[in-house]
Amino acid sequence: MAKYDHRSIEQVWQERWEAEGLYRSEVDWSRPKHYALTMLPYPSGDLHIGHWYAMTPSDARARFMRMQGYNVLFPMGFDSFGLPAENAAIQRNIHPAIWTAGNIERMRTQMRTMGCMFDWEREVASSDPGYYRWTEWFFAEFARNGVAYRGEATVNWSETLQTVLANEQVIDGKDERTGQPVVQRRMEQWFFKITDYADELLDFGSIDWPESIKLMQRNWIGRSEGAHVDFAVPSGSTIRVFTTRPDTLWGATFMVLAPEHELVDELTSDEQRPAVEAYRAETAARTELERLEDEGKTGVFTGGYATNPVNGEQVPVWIADYVLMGYGTGAIMAVPAHDQRDFEFAHAHGLTIAPVITPEGAEPLDGGAMEAAYVGLGTMSASGPLDGVPTNLEKGRANPSVAAAIDWLVENDAGEEAVNYRLRDWLISRQRYWGSPIPAVYDEDGEIEILADDQLPVVLPDDVEFSSGRSPLTTHQPFLEAATRDNRPARRETDTMDTFMCSSWYQYGYLSPGFDGAPFDPEEAAYWLPVDQYTGGAEHAVMHLLYTRFFTKAMRDLGHFDTAAEAMRAHGRDPEGAFDEPMRALRSQGQILGEERPGDSVAIWGEPDGDGWIASRVVVVDGEGPADAALAGELRRRTERTMQVAGPDGPVRVEVAEDATVEIPSIPGENDVTQLKHHLEIQRMSKSKGNVVNPDVLVDQYGADTVRTHLMFGYDWEKGGPWDSQTITGSHRFIQDVWRLGMEAYEPGAKAGEGDRALRRAVHQTIAKVGHDFESFAFNTGLAALMTLRNEMLAARKSGSVTAEVWGEALESLLLMLAPVAPHMTEELWRRSHEGSIHAAAWPTFDEEAAAEDTIRLVVQVNGKVRDQIDVPADSNDADLEATALASPRVAEWTDGKTVRKVIVVPGRLVNVVAN
RNA sequence: GCCCCGGUAGCCCAAUUGGUAGAGGCAGCUGGCUUAAAACCGGCCAAGUAUGGGUUCGAGUCCCAUCCGGGGCACCA
């Protein structure tokens, strides 16, 4: 028998599939379609285990759907614009285009070893001018129709990256890529009006997405219901505020504006001006992070007053940085009695606290005596016409006091009902080179002109220098020099687009790369859209996944799917709802974390140094160290020459002297301190932590089929978990077992036929189980079922208890079910006895009769405790089961002297006799 | 601080609508093969489900509280 040699098998089949065009997907209206999509990678240059974990199970799912009879599209491409290419250009003096092309080439080669059914003829790379031509075109379309606009706003500026960032790219006041603080700046930039779609984006009714991701998007959009209220100021202007609690307006005793608010100048008295100016200057100089880290509530009085519209009272206007210019109107009414932040501010600055909600069944609150804001149930009080209206904890109009207050505001012309969102418009400008150019020019008066379609694409110039740190586009004369439509001189826009723009429409790019008249061929779109199953990482929950939904909705509203809808109708398919959402179903894989590793056991000799030691000699030992050592134990951590060694009474700090000797018996030659292995915790893989698992090494050792199998078997896919280098052997044994089952001829024994029924039952139960599990992304349990079948078959072969026919059915079914997971090995075995590819074959047919059990094991309980187990015919009815149970001598034993009160029968499973 | 998800053999991980806690894998033990080891083949072992209460004939599953781990949001008016 030929030994299982994954190296030759896998390479041979990858080449043959390619040559046969097995994974070309073409429109075929006679068959149902399935568009399976997995997130495209950034071409960083090396495929890591995370890519395998994301892509190969997605591939198995796509293959499974193909075996279910679907015409499957499963494309792949590269999200190839972005900062790392530019950093490489600066650090290594390589042009981003060359660096990127090299990485794509390398990753494509690595990706082929995964054995995925990617249709490479449909590959796109977002940095390819043939692709970004359409990214620009979408921008132009959006700009012409008011979806894109240029506006001034307070934006996040990263000094490190020399660019602005979208709100979504800033976490805790720090840029999410580098962790460096960002500062707030007023700048004129390009935005997309994603806020126009806020309400529609909150509607997940038509899509099957994970709850957690829907929740993250809901939180991000942050819809809150309330009212806009206008406070008049002496100059005649009004300060508009947004509040979710208009019912507490009568308790608004002061106002707070964001320091950047436009009315601050007007309101500030001469007396207060120096303090206000100083505070504003101080705020502007601080980063978002520093503002957040502030413990207390700082702020200064402007000297100005505004009129509370509900009672005509003059309330002082303050500025404070706890009010953000970027949320609501940048101004709040402060109700210290019922809002904790306002309460703290009032306390810090000696402002009036006026309670206007009285807790249920209690005396009215005393503002001077309160220790915290009251935010509970109660009734309105000291609120003029609304006294006595109850308040609950519901949001918006669902709260009677809020509803009454809104009605009052409307009737008295003091405000209006309003909805506010946390979501801001999507800032897409980036002051970088390696991105899609923005097709706009500015004439000599600074007027914007969007380029006509025949001017596209604006191509990035190749001859650029990256020395200054600024985008080379800003100093590239030939690029800068442009003209308006009527041929007046103009300056070209030098900002490029956020790379999330490129990935917002790539699912349409795959439909027809190279198509000329439009971003995609409507005939392809009519058949393939929408994406039926999307897979990818949850880290994109509020960026890519929100942007692409917005993008599709905006495209729909601008009519970019109209031709496709027409084509759909022509083929008899109803386009209703087909273009409201880009991805009908989404599943998110978890993350593979680094493997836990014990550190070396070390013995050290040296001089005491405070609580620790200065080591002159460090030796790696087995178990306990020599008795004369100063200290011995596991190396828990090490940074440079400072080690933390687990001593008998806890961690001990050890400095390794410059001239210390380090001896590591397993590493010959001279050793140094950096070769000592320290304990690794379970955490994300990263090069700096040294816990990266290289898939190429695993593929070389075990083969892609084993790696694929193991990634699907070893984890709950949507959860992920730490890598474990031991357990992959189990998956490898499984693959080898199946290989042997397929290669070794089956010899029926003397008792052939006796085991037929049992093996067929196992086979068909497995078909049902695996089909269900693969459908629902439960690859781990599906594979466990296949391993069980393997065990049954090994036993059957050993005993020779089944006929050759039944054996053949079992083997064929096993190969078919394993084909999506281990495509190479199953193909090799399949083609030994079949014409054509196993990957074009159908999923085995489930035979319910064959799967049925003859007998069931009836569990008999007395008062909920198992007292007997009886095998009964599977077709027994409830009365039979009850009679069987009551006839059991064990039951009689346990009910002796008691009266049977009740008998509970669970059909086909259990009888519980209740007696006392 | 608020919101989600999770906690089951030594480890990873299963357990239809509440119905015998165990499918699968790893490790371990043991026998075979081998000069020996690895590999391979056969067999065996395993927890009462984080903790405390409740509902129920019956709870890993439902409810309440607490602890631990992971994730998201966070001066959001």
Side-chain angles (χ1 to χ4, degrees), chain A residues 171-172 210-220 222-224 226 241-245 248 255-256 258 291-292 294-295 297 320-324 326-335 339-342 344-345 420-423 538-539 541-542 590-591 593 596 682 709-710 713-716 718-734 736-737 740 766 769 772-773 778 780-791 794-795 798 857-869 901-916:
Chain A
I171 294 167
D172 291 337
E211 283 305 320
S212 59
I213 290 191
K214 291 193 282 190
L215 189 70
M216 280 190 251
Q217 294 205 347
R218 275 192 206 104
N219 288 343
W220 189 262
R223 179 189 157 100
S224 47
V241 300
F242 172 76
T243 176
T244 54
R245 295 297 304 274
T248 61
M255 298 187 79
V256 187
R291 287 172 68 163
L292 285 171
D294 246 355
E295 290 289 316
K297 294 254 178 299
D321 64 8
Y322 82 92
V323 174
L324 309 174
Y327 184 79
T329 60
I332 63 161
M333 62 175 213
V335 184
D339 180 285
Q340 188 57 29
R341 290 155 303 171
D342 298 346
E344 286 164 22
F345 192 80
N420 191 59
Y421 300 92
R422 188 181 168 280
L423 180 71
E539 65 273 22
V542 292
Q591 213 170 30
L593 303 169
E596 186 163 21
I682 293 170
T709 302
H710 184 59
F713 171 67
Y715 303 86
D716 172 344
E718 300 192 58
K719 214 164 109 192
W723 178 255
D724 179 346
S725 51
Q726 302 280 303
T727 52
I728 192 169
T729 55
S731 301
H732 195 225
R733 280 179 204 147
F734 172 59
Q736 288 176 303
D737 283 346
R740 273 194 298 271
T766 307
K769 168 77 176 155
H772 172 268
D773 286 352
N780 52 343
T781 51
L783 274 160
L786 289 173
M787 288 181 182
T788 309
L789 181 60
R790 174 257 328 242
N791 294 343
L794 285 171
K798 200 178 163 199
R857 172 147 296 187
L858 180 70
V859 173
V860 183
Q861 296 182 335
V862 176
N863 291 333
K865 292 200 164 55
V866 179
R867 298 304 183 191
D868 203 358
Q869 300 187 9
R901 301 290 175 190
K902 206 162 145 190
V903 178
I904 291 148
V905 179
V906 180
R909 280 180 173 274
L910 167 146
V911 174
N912 185 14
V913 179
V914 184
N916 61 13

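Just the heavy atoms: all of them, side chains too, but no hydrogens, waters or symmetry mates, feed the values below. Lettering follows sequence order; numbering is per chain, from 1. The structure displayed is predicted, hence computed values, not measured ones.
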Give me the distance, rounded to whole Å, that separates [N] from [M] when you measure between the [atom1] atoms they each carry.
| N | M | atom1 | value |
| --- | --- | --- | --- |
| G24(B) | C4(B) | C1' | 30 Å |
| A9(B) | A23(B) | C1' | 14 Å |
| G22(B) | A47(B) | P | 12 Å |
| G70(B) | C76(B) | P | 26 Å |
| C12(B) | G7(B) | P | 12 Å |
| A37(B) | G19(B) | P | 48 Å |
| G60(B) | A21(B) | C1' | 8 Å |
| G31(B) | C62(B) | C1' | 48 Å |

Do any N or O atoms from the side chain of [X] and from the backbone of [Y] form a donor-acceptor pair under 3.5 angstrom?
| X | Y | result |
| --- | --- | --- |
| Asn863(A) | Ala915(A) | yes |
| Tyr715(A) | His710(A) | no |
| Thr788(A) | Ala784(A) | yes |

Can you tell me the distance, in whole Å, between the [atom1] atom of [X] and the [atom2] atom of [N]?
| X | N | atom1 | atom2 | value |
| --- | --- | --- | --- | --- |
| Gln861(A) | U56(B) | CD | C1' | 13 Å |
| Arg857(A) | U20(B) | CZ | C1' | 10 Å |
| Lys297(A) | A77(B) | NZ | P | 14 Å |
| Lys214(A) | G72(B) | NZ | C1' | 16 Å |
| Ile213(A) | C5(B) | CD1 | P | 14 Å |
| Trp723(A) | C26(B) | CH2 | P | 14 Å |
| Met255(A) | A77(B) | CE | P | 16 Å |
| Asn791(A) | C41(B) | CG | P | 11 Å |

With a 4.0 Å cutoff (strictly under), does any side-chain N or O of [X] reach OP1 or OP2 of [N]?
| X | N | value |
| --- | --- | --- |
| Arg790(A) | G24(B) | no |
| Arg218(A) | G72(B) | no |
| Arg733(A) | C40(B) | yes |
| Arg341(A) | C76(B) | yes |

Nearest to the side chain of [X] - [options]?
| X | options | answer |
| --- | --- | --- |
| Phe242(A) | G25(B), C3(B), A77(B) | A77(B) |
| Arg740(A) | A77(B), C40(B), C4(B) | C40(B) |
| Leu215(A) | C3(B), C76(B), G72(B) | C3(B) |
| Val914(A) | A27(B), C75(B), C57(B) | C57(B) |
| Met787(A) | G19(B), G72(B), G25(B) | G25(B) |

May I ask you to say what [X] touches in the nucleic acid, namely base, sugar-phosphate or nothing, with a heavy-atom cut-off under 4.0 Å?
| X | result |
| --- | --- |
| Asn420(A) | nothing |
| Gln869(A) | base |
| Thr244(A) | sugar-phosphate |
| Thr329(A) | nothing |

Partner lookup for [N], please. Criteria are Watson-Crick or G-U wobble with both distances under 3.5 angstrom; report none if nothing qualifies.
| N | value |
| --- | --- |
| U56(B) | none |
| G28(B) | C44(B) |
| C13(B) | G22(B) |
| G1(B) | C73(B) |
| A50(B) | U66(B) |

For the student: nearest non-hydrogen atoms of [X] and [Y], plus distance:
| X | Y | result |
| --- | --- | --- |
| Val866(A) | Gln869(A) | CG1-NE2, 4.2 Å |
| Val323(A) | Val256(A) | CG2-CG1, 3.5 Å |
| Ser224(A) | Phe242(A) | O-CZ, 3.5 Å |

Nearest-nucleotide comparison on RNA chain B, the residue closer to the 5′ end among Thr788(A) and Asn863(A):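 The residue closer to the strand's 5' end, by nearest nucleotide, is Thr788(A).
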The answer to which of Ile904(A) and Asp737(A) contacts RNA chain B further toward the 5' end, by nearest nucleotide, is Asp737(A)
Next item on the list: Can you sort out the partners of Phe713(A) under ring-ring contact (aromatic ring centres under 6.0 Å, His included), two or more places apart, ordered by chain and number?
Entry: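 Phe713(A) satisfies ring-ring contact (aromatic ring centres under 6.0 Å, His included) with no residue once adjacent residues are dropped.
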Could you list the protein-to-nucleotides 12-17 of chain B atom pairs, N/O on both sides, closer than 3.5 Å?
{"unit_1": "C12(B)", "atom_1": "O2'", "unit_2": "Gly714(A)", "atom_2": "O", "d": "3.2"}
{"unit_1": "C13(B)", "atom_1": "O3'", "unit_2": "Asn780(A)", "atom_2": "ND2", "d": "3.2"}
{"unit_1": "A14(B)", "atom_1": "OP1", "unit_2": "Asp716(A)", "atom_2": "OD2", "d": "3.3"}
{"unit_1": "A14(B)", "atom_1": "OP1", "unit_2": "Asn780(A)", "atom_2": "ND2", "d": "3.2"}

So, does the side chain of Asn912(A) form a donor-acceptor pair with the base of C57(B) at under 3.5 Å?
yes
| Does the side chain to side chain contact (heavy atoms under 4.5 Å, CB included) test come out yes or no for Thr243(A) and Ile332(A), once each step is laid out? | CA-CA 7 Å; Thr243(A) 176; Ile332(A) 63 161; over 6 Å; no
Regarding G69(B), purine or pyrimidine glycosidic angle vs 90° from 0 gives anti
Between the CG atom in Asn912(A) and the NZ atom in Lys902(A), the distance rounded to the nearest 0.5 Å is 9.0 Å
Tell me whether the NZ or CZ atom of Lys297(A) lies within the 45° cone about the ring axis of Tyr322(A) and under 6.0 Å from its centre.
yes
Open item on the list: Arg909(A): which residues meet the salt bridge (Lys or Arg N to Asp or Glu O under 4.0 Å) condition with it, sequence neighbours left out?
Closed with: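 So Arg909(A) forms no salt bridge (Lys or Arg N to Asp or Glu O under 4.0 Å) with any residue.
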